[in-house]
Asks: 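The structure follows.
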Amino acid sequence: MTPAELSAQLLTVVDGALERRGESTLTIGIDDVLLERPKNREHGDWASNIAMKLAKPLKTNPRELALELADGIRSIDGVSSVDVAGPGFINMTLDAAAAGAIAKTIVEQGDEFGRGNLYIGVKIDLEFVSANPTGPIHLGGVRWAAVGDSLARIFTAVGGIVTKEYYFNDHGGQIDRFARSLLASYLGEPTPEDGYGGQYIADIADRIVTGFTGDLASITREDQQEIFRAMGTDLMFGDIKASLHDFGVDFDVYFHENNLHEGGDVGRAIERLRTAGHIYEAEGATWFRSTDFGDDKDRVMRKSDGGYTYFLPDVAYHVTKWQRGFGRAINEQGADHHSTITRVRAGLQALSLQIPKGWPDYVLHQMVTVMRSGEEVKLSKRAGSYVTLRDLIDEVGCDATRYFLVARKVDSQLIFDIDLARSQSNDNPVYYIQYAHARVCSLQRQLGERGLGWNRDNGLAQLALLTSNFEQLLMVELSRYPEMLDAAAQNLEPHMLAQYLRDLATAFHAYYNGEAILVADDNLRDARLNLCAATQQVLHNGLDLLGVCAPEKM
RNA sequence: GCGCCCGUAGCUCAGCGGAUAGAGCAAUUGACUACGGAUCAAUAGGCCGGGGGUUCAAAUCCCUCCGGGCGCACCA
């Protein structure tokens with residue numbers, strides 16, 4: 001019996017009770033019949049607070065109503081006992097066969113288990129990382145990469161058609177500063193006042209000098225700077241892409257800001273705003289009257305020097321997303337850019353393109369504090385102090401880094417202690433989860449070595465033998481997987497998956513230590529092996545959505 | 001000053017309307033000559049930042065104050 005089936009049955013019982021009371025105005029939907037997993041095992045497999053919710057509108061005592069509903073629930077097939085507890089909770093326990101059915105479902109559905117239809121057919125654009133190619137990708141960007149990529153995988157698992165997109169900012173002041181810094185390094189000049197420092201600048205400059213086929217020394221400084229700009233961003237971007245790839249993160253679309261300028265999107269957007277009367281000239285600049293759309297002050301769109309601020313290209317960029325047919329667009333970005341949200345949405349509204357008001361969605365994540373030797377490392381490209389993705393892959397490892405970064409809620413500031421991550425990487429919960437998976441694999445290997453077999457079909461028929469407390473707890477965890485995945489997708493919170501997998505691994509390790517799996521009794525052994533296989537499958541499916549591997553041996 | 005986010009065990013974090021607030025690390029103590037101890041079991045550790053409210057029920061929702069982070073550019 002699946003949670004949804006129980007929920008539907010419960011609804012019928014509640015409807016019956018309402019009918020008996022001649023209550024016709026009160027309609028109860030499937031969502032109102034709240035089923036929850038009690039934290040305490042003594043409260044059964046499932047609990048409902050529906051009696052407490054209905055007591056008031058029905059002008060009755062919650063306990064009385066609960067007792068009445070409990071009578072109806074007792075007759076549901078697969079429910080073995082029902083109790084009323086506390087102020088009116090209805091606690092239900094399933095019989096062993098009904099509970100064991102989850103293992104059968106998982107083994108039969110395999111890789112498909114947990115896939116849902118929450119976002120079936122929905123085209124989703126997920127933009128993340130989008131770091132400027134002015135330096136190596138650092139810890140903040142790695143957090144985006146881990147979270148964004150997992151989110152993309154989760155969306156896909158619940159039916160979404162996902163495009164992972166990277167907005168490549170190869171235009172504007174930051175890039176100029178980067179180019180000037182490279183040039184200065186080449187010429188042996190000190191780093192410009194507002195430029196970037198760090199060893200990587202010298203490295204990139206060297207690579208440009210080596211790679212450039214013409215005679216750098218004989219061209220003008222302007223031309224030199226242009227060379228360093230073009231080749232520098234290419235090299236830097238290549239490095240970023242390569243380290244992300246090694247981290248298991250690849251994008252479907254790399255959108256270059258330059259295309260917006262060259263393709264005329266920016267110009268068209270500004271004309272459309274002008275025609276609609278949303279812009280004005282003042283102090284030599286062109287302004288957007290964003291206060292008409294909820295912003296707290298008007299914004300400059302075109303600077304007095306003729307260049308655009310980032311704002312207009314951003315809006316034009318989102319217009320292309322809309323025009324590319326993404327009913328859902330989600331941008332992941334650092335909390336330090338949160339003020340762009342109002343502006344981008346305001347700009348899109350002003351264009352009158354029938355774009356919904358709350359479009360696009362944002363996932364903001366708080367900043368990462370890096371600790372090393374007990375002290376905070378101030379991250380700064382300019383000062384050249386940072387921890388790069390490459391460092392993390394080399395020193396901590398992909399799986400541990402990904403798990404650590406995705407296991408936290410995005411809106412909590414997190415502290416990344418390099419020494420801890422490196423020296424105690426074995427304490428990372430990811431190994432605990434992977435170990436659970438490897439243990440099941442080991443059991444299956446053991447079978448052969450002991451000359452035992454595993455009759456899967458018999459195991460599926462014997463699931464009612466799984467009656468121990470360990471087994472019951474493990475099955476409860478397993479059955480939570482689909483609903484947990486939906487919740488993670490709905491709330492844009494992949495950390496729920498990371499937490500879940502740890503809980504599942506805990507339930508498995510406890511079982512493994514508490515009961516022998518490879519027992520002499522064929523029926524019991526087959527049934528237990530099926531439960532282990534189900535666990536292995538869910539661990540595998542879940543880890544895959546985190547971009548973490550599920551090893552057979554460790 | 002205004003806006004967004006966060007204050008939960010010594011540390012890092014879950015829980016976000018339900019029944020005794022959870023986990024990992026750190027501390028203390030145990031476990032089968034073993035299906036891999038990268039494990040398990042147990043003890044100890046909390047006025048869930050303070051104060052008001054809403055509710056049958058608040059760590060969770062609302063208000064307020066106090067702490068911390070991040071924004072508030074003709075930077076991105």
Asks: List the atom of A:Ala505, the atom of A:Ala436, and the distance in Å for their closest heavy-atom pair.
Replies: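 Minimum heavy-atom contact is CB-CB, 4.0 Å.
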Asks: Looking only at heavy atoms, which two atoms of A:Val147 and A:Leu405 are closest? And how far apart?
Replies: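 What the structure gives for the nearest pair is CG2-O, 3.9 Å.
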Asks: Among B:rU20, B:rC56, B:rC74, find the nucleotide with the atom closest to the side chain of A:Met52.
Replies: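 Per side-chain heavy atoms of A:Met52, the pick is B:rC56.
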Asks: Which part of the nucleic acid, if any, lies within contact of A:Asp176, taking any heavy atom under 4.0 Å across all strands shown: a base, the sugar-phosphate backbone alone, or nothing?
Replies: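 Nothing, no nucleic acid heavy atom in range.
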Asks: Applying salt bridge (Lys or Arg N to Asp or Glu O under 4.0 Å), name anything that partners A:Glu262, two or more places apart in sequence or on another chain.
Replies: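 For A:Glu262 there are no salt bridge (Lys or Arg N to Asp or Glu O under 4.0 Å) partners, ignoring immediate neighbours.
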Asks: Both A:Tyr167 and A:Glu515 contact RNA chain B. Taking the nearest nucleotide for each, which residue is further toward the 5' end?
Replies: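 With A:Tyr167 and A:Glu515 compared, the 5'-side residue is A:Glu515.
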Asks: Step through it carefully: locate the ring centre of A:Tyr308, locate the ring centre of A:His171, and say whether they are under 6.0 Å apart.
Replies: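 So the answer is no for these two rings.
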Asks: Summarise protein proximity over nucleotides 36-42 of chain B in one line of letters, 5' to 3': B for base, S for sugar-phosphate only, - for none, counting protein heavy atoms closer than 4.0 Å.
Replies: BSBBSS-
Asks: Aromatic ring centroids of A:His509 and A:Tyr432 under 6.0 Å?
Replies: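 Close enough - the centres of the two rings lie under 6.0 Å apart.
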Asks: Under 4.0 Å between a Lys/Arg side-chain N and an Asp/Glu carboxylate O for A:Glu165 and A:Lys321?
Replies: no
Asks: Who pairs with A:His495 by side chain to side chain donor-acceptor pair (under 3.5 Å), at least two apart in sequence or on another chain?
Replies: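 Result, side chain to side chain donor-acceptor pair (under 3.5 Å) vs A:His495: none returned.
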Asks: Considering only heavy atoms, which members of residues 60-67 of chain A lie under 4.0 Å from some atom of RNA chain B?
Replies: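 None, since no heavy atom is under 4.0 Å.
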Asks: Step through it carefully: locate the ring centre of A:Tyr403, locate the ring centre of A:Tyr431, and say whether they are under 6.0 Å apart.
Replies: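 Ring-ring flag for A:Tyr403/A:Tyr431: false, centres at least 6.0 Å apart.
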Asks: Report which part of the nucleic acid A:Gln434 touches: base, sugar-phosphate, or nothing (heavy-atom distance under 4.0 Å, all strands).
Replies: nothing
Asks: How would nucleotides 58-63 of chain B be written as a contact map, 5' to 3', with B for base contact, S for sugar-phosphate-only contact and - for no contact, using protein heavy atoms under 4.0 Å?
Replies: ------
Asks: Counting only distance, no hydrogens or angles, is the base of B:rG18 paired donor-acceptor with the side chain of A:Asn49 under 3.5 Å?
Replies: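 Indeed there is one.
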Asks: Looking at every strand, decide which applies to A:Gln333 at a 4.0 Å heavy-atom threshold: base, sugar-phosphate, or nothing.
Replies: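 No contact.
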Asks: Determine the interplanar angle of the A:Tyr200 and A:Phe178 rings, folded into 0 to 90°, and report it as parallel if under 30°, tilted if 30 to 60°, perpendicular if over 60°.
Replies: parallel
Asks: Within residues 488-499 of chain A, find the residues that approach RNA chain B with a heavy atom at under 4.0 Å, and present them sorted by residue number.
Replies: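 Contacts with RNA chain B under 4.0 Å: A:His495, A:Gln499.
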Asks: Under 3.5 Å, is there a donor-acceptor pair linking the side chains of A:Tyr167 and A:Gln333?
Replies: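 A:Gln333 and A:Tyr167 do not have a side-chain donor-acceptor pair below 3.5 Å.
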Asks: Before giving the answer on ring-ring contact (aromatic ring centres under 6.0 Å, His included), spell out for A:Phe251 and A:Phe168 the whole-Å C-alpha distance, their side-chain angles and the decisive distance to 0.1 Å.
Replies: CA-CA 12 Å; A:Phe251 290 83; A:Phe168 179 39; over 10 Å; no
Asks: Do any N or O atoms from the side chain of A:Ser442 and from the backbone of A:Ala438 form a donor-acceptor pair under 3.5 angstrom?
Replies: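 Not confirmed, A:Ser442 side chain does not pair with A:Ala438 backbone.
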Asks: List the residues meeting salt bridge (Lys or Arg N to Asp or Glu O under 4.0 Å) with A:Glu68, not counting sequence neighbours, and say none if there are none.
Replies: A:Arg20, A:Arg21
Asks: Taking salt bridge (charged side-chain N to carboxylate O under 4.0 Å, His left out) as the cut-off, I'd like each qualifying pair that reaches into residues 518-533 of chain A, sequence neighbours left out, listed once.
Replies: A:Glu471-A:Arg528, A:Glu515-A:Arg528, A:Asp522-A:Arg525
Asks: Which heavy atom in A:His437 sits nearest to a heavy atom in A:Pro551, and how many Å separate them?
Replies: ND1-O, 2.9 Å
Asks: For RNA chain B, which residues in residues 295-307 of chain A have a heavy atom at a distance below 4.0 Å?
Replies: A:Lys297, A:Val300, A:Lys303, A:Ser304
Asks: Relative to each other, are the rings of A:Tyr500 and A:Tyr481 parallel, tilted or perpendicular (30° and 60° limits)?
Replies: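 A:Tyr500 and A:Tyr481: tilted rings.
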Asks: Verify the distance criterion only: is there a donor paired with an acceptor across the side chains of A:Tyr362 and A:Arg345 at less than 3.5 Å?
Replies: no
Asks: According to a 3.5 Å limit on both distances, what stems of 3 or more consecutive Watson-Crick or G-U pairs are formed with RNA chain B?
Replies: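 Counting only runs of 3 or more consecutive pairs, the stems involving RNA chain B are B:1-7 with B:66-72, B:10-13 with B:22-25, B:27-31 with B:39-43, B:49-53 with B:61-65.
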Asks: Check this for me, if you would: do A:Arg274 and A:Glu281 make a salt bridge, where the nitrogen-to-carboxylate-oxygen distance has to be below 4.0 angstrom?
Replies: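 Salt bridge flag = yes for A:Glu281 with A:Arg274.
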Asks: Could you work out, with ring-ring contact (aromatic ring centres under 6.0 Å, His included) as the rule, every residue matching A:Trp454, not counting sequence neighbours?
Replies: none
Asks: Taking A:Gln434 for its side chain and A:Cys549 for its backbone only, find out whether a donor-acceptor pair lies under 3.5 Å.
Replies: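 Between the backbone of A:Cys549 and the side chain of A:Gln434 there is a qualifying donor-acceptor contact (under 3.5 Å).
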Asks: Nucleotides 3-12 of chain B: which of its N/O atoms have a protein N/O under 3.5 Å away?
Replies:
unit_1 : atom_1 : unit_2   : atom_2 : d
B:rG3  : N2     : A:His338 : NE2    : 3.1
B:rC5  : O2'    : A:Gln366 : NE2    : 3.3
B:rC5  : O2'    : A:Asp411 : O      : 2.8
B:rU12 : O2'    : A:Arg408 : NH2    : 2.6

